[in-house]
Novice: 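Just passing along the structure, written as structure tokens.
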Amino acid sequence: MKLATWNINSLGVRLPQVLAWLDRQAQDGPVDVLALQELKLTDDKFPAAAFEQAGYHATWFGQKTYNGVALVSRTPAQDVVRNIPGFADEQARLIAATYGEGETALRVIGAYFPNGQAPGSDKFAYKMRWLDALRGWLADELRRHPRLALMGDFNITFDDADVWDPEGLRETIHCTSEERAHLQALIALGLHDAHRLFPQPPKTFSWWDYRMLGFQKNRGLRIDHILISDALRARASACTIDRAPRKNPQPSDHAPVVLTLD
DNA sequence: ATGGCCATCGCGGATGGA
């Protein structure tokens with residue numbers, strides 16, 4: 001089975017690319033759950049019928065202009081949660097659901113972490129509060145759901161290996177010690193960075209700036225992640241970043257991350 | 001080189017992204 005995450009930077013613009021990508025993936029095994037971020041549309045504009053026609057269920061949490069997240073899946077979502085319980089938030093950034101029953105039930109959390117803009121800014125402070133709230137709730141979720149995956153656009157790099165220019169970008173947004181400590185605190189709850197469970201080529205990134213020929217020069221960051229619990233780690237067999245959609249006309253600035261489980 | 005590109009809203013140019 002496959003789990004995937006993709007920040008598509010407007011589902012209105014890139015729905016055809018998402019459907020084409022799901023089709024392509026299905027050639028060597030369908031994607032069971034795809035987490036999407038940055039829908040940039042309201043709930044009433046979500047293209048549920050298009051996904052249904054393609055054979056997928058969906059559950060979504062939209063917002064006008066900004067943010068918005070969804071889970072697209074082969075089986076229906078159960079026990080859906082929108083945003084972090086107990087954390088008042090105007091922004092649609094998180095959606096969680098359970099797939100399957102009993103001991104094989106899988107809990108999936110799709111999230112669009114705040115960008116944070118710059119250390120010291122109000123948006124950075126919001127990012128830190130959001131991360132605190134996520135950690136508190138996630139600890140409970142892990143107790144309830146041993147088979148759990150947290151995936152999405154984290155807007156945080158783990159370390160210098162996730163950064164095209166570690167010296168030039170030291171302690172800038174996505175690369176600060178404070179953000180990385182928060183990311184490690186999520187790992188400390190009992191999660192694993194699926195990407196690093198397997199050998200990866202150096203300079204493997206998931207996002208490239210639209211400007212300065214960022215993708216062509218591979219000037220990128222790895223900020224899109226799939227974190228999995230111990231129970232899922234035991235079943236993980238591959239984790240890859242698919243650069244192909246970044247070469248599409250009108251691409252998202254992010255590439256999808258795909259985890260394969262036995 | 002303190003911007004470059006892209007999407008949104010809405011019809012010019014600001015805002016946000018990362």
Side-chain angles (χ1 to χ4, degrees), chain A residues 5-18 21 35-47 60-70 89-94 110-131 134 151-180 182-183 195 203-226 241 243 245-257:
Chain A
T5 180
W6 193 6
N7 179 325
I8 36 78
N9 184 16
S10 169
L11 185 57
V13 171
R14 269 171 279 280
L15 174 64
Q17 290 188 45
V18 174
W21 185 77
L36 296 173
Q37 301 88 41
E38 285 209 83
L39 308 181
K40 296 188 176 180
L41 43 75
T42 48
D43 282 341
D44 56 302
K45 300 282 200 322
F46 186 86
W60 58 92
F61 184 28
Q63 181 185 328
K64 185 178 170 69
T65 310
Y66 303 115
N67 310 312
V69 287
D89 198 346
E90 300 294 310
Q91 307 181 26
R93 294 191 170 275
L94 181 143
Y112 176 43
F113 289 45
N115 174 300
Q117 197 170 53
S121 67
D122 289 349
K123 287 174 183 174
F124 191 85
Y126 164 70
K127 184 175 194 172
M128 297 303 109
R129 288 198 306 276
W130 193 93
L131 285 160
L134 175 67
M151 55 185 179
D153 177 357
F154 284 57
N155 273 317
I156 305 174
T157 56
F158 274 92
D159 52 38
D160 287 354
D162 291 342
V163 184
W164 72 275
D165 180 11
E167 295 305 325
L169 295 174
R170 193 161 301 288
E171 295 298 332
T172 62
I173 196 64
H174 312 118
C175 305
T176 66
S177 309
E178 201 172 348
E179 292 166 279
R180 287 175 177 175
H182 270 287
L183 187 48
H195 182 265
K203 301 186 190 301
T204 297
F205 306 127
S206 66
W207 170 88
W208 302 262
D209 201 310
Y210 282 123
R211 300 169 290 186
M212 297 183 295
L213 301 173
F215 180 69
Q216 290 85 337
K217 295 180 177 175
N218 198 32
R219 295 179 172 182
L221 303 173
R222 188 173 73 97
I223 51 177
D224 300 87
H225 305 299
I226 301 179
I241 298 176
R243 297 164 58 99
R246 191 61 174 77
K247 301 169 186 167
N248 289 343
Q250 275 197 293
S252 168
D253 43 356
H254 295 254
V257 185

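Below, chain A is the first sequence line, B the second, and so on; all start at residue 1.
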Novice: What distance, rounded to whole Å, do you find between the two P atoms, one in B:dT2 and one in B:dA18?
Specialist: 23 Å

Novice: Without swapping roles, check the side chain of A:Arg219 against the backbone of A:Asp209 for a donor-acceptor pair under 3.5 Å.
Specialist: no

Novice: A:Asp209 near the nucleic acid: base, sugar-phosphate alone, or nothing, with a heavy-atom cut-off under 4.0 Å?
Specialist: nothing

Novice: Compute the centroid of each ring, for A:Trp130 and then for A:Phe113, and state whether the two points are separated by less than 6.0 Å.
Specialist: yes

Novice: Using the P atom as the reference point in each nucleotide, state the distance between B:dC11 and B:dT15 in Å, no decimals.
Specialist: 16 Å

Novice: May I ask you to evaluate whether A:Thr65 reaches the phosphate of B:dA7, defined as a side-chain N or O under 4.0 Å from OP1 or OP2?
Specialist: no

Novice: Would you say A:Lys40 reaches B:dG17's phosphate, i.e. side-chain N/O to OP1/OP2 under 4.0 Å?
Specialist: no

Novice: Starting at atom CZ of A:Phe154, determine the distance to atom C1' of B:dA18, rounded to an integer number of angstrom.
Specialist: 16 Å

Novice: Check the phosphate of B:dG17 against A:Arg211, side-chain N and O only, distance under 4.0 Å to OP1 or OP2. Yes or no?
Specialist: no

Novice: Are OP1 or OP2 of B:dC6 and a side-chain N or O of A:Asn9 less than 4.0 angstrom apart?
Specialist: no

Novice: Does a nitrogen or oxygen in the side chain of A:His254 sit under 4.0 Å from OP1 or OP2 of B:dA18?
Specialist: yes

Novice: Could you tell me which nucleotide pairs with B:dT8 by Watson-Crick or G-U wobble geometry, both distances under 3.5 Å, or answer none if nothing does?
Specialist: B:dA14

Novice: Has A:Arg93 got its NZ or CZ under 6.0 Å from the middle of the six-membered ring of A:Tyr112, at an angle within 45 degrees of the ring axis?
Specialist: yes

Novice: If you check the A:Tyr66 side chain, which of B:dG16, B:dT8, B:dA18 turns out closest?
Specialist: B:dG16

Novice: Whole Å only: how far is the CD atom of A:Glu179 from the P atom of B:dA18?
Specialist: 12 Å

Novice: Taking the side chain of A:Lys64 as heavy atoms from C-beta outward, which of B:dG17, B:dC9, B:dA7 is closest to it?
Specialist: B:dC9

Novice: Decide yes or no for A:Ser177 and A:Glu171: does some side-chain heavy atom of the first lie under 4.5 Å from some side-chain heavy atom of the second?
Specialist: yes

Novice: Roughly how many Å is it from CG in A:Asn7 to P in B:dC5, rounded to a whole number?
Specialist: 20 Å

Novice: Just checking A:Asp153: base, sugar-phosphate only, or nothing, at a heavy-atom cut-off of under 4.0 Å?
Specialist: sugar-phosphate

Novice: Could you measure between the two P atoms, the one in B:dA14 and the one in B:dA1, and give it in whole Å?
Specialist: 26 Å

Novice: When we call it a touch if two heavy atoms are under 4.0 Å apart, what does A:Arg219 touch: a base, just sugar-phosphate, or nothing?
Specialist: nothing

Novice: Which whole-number value in Å describes the distance from A:Asn115 CG to B:dA7 P?
Specialist: 17 Å

Novice: Tell me whether the side-chain N/O atoms of A:Tyr112 come closer than 4.0 Å to OP1 or OP2 in B:dA18.
Specialist: yes

Novice: Determine, step by step, whether A:Leu169 and A:Thr157 satisfy the side chain to side chain contact (heavy atoms under 4.5 Å, CB included) criterion, reporting the C-alpha distance in whole Å, the side-chain angles of both residues, the deciding distance to 0.1 Å, and the verdict.
Specialist: CA-CA 11 Å; A:Leu169 295 174; A:Thr157 56; over 6 Å; no

Novice: At 4.0 Å (heavy atoms only), tell me whether A:Gln117 reaches a base, stays on the sugar-phosphate, or touches nothing.
Specialist: nothing

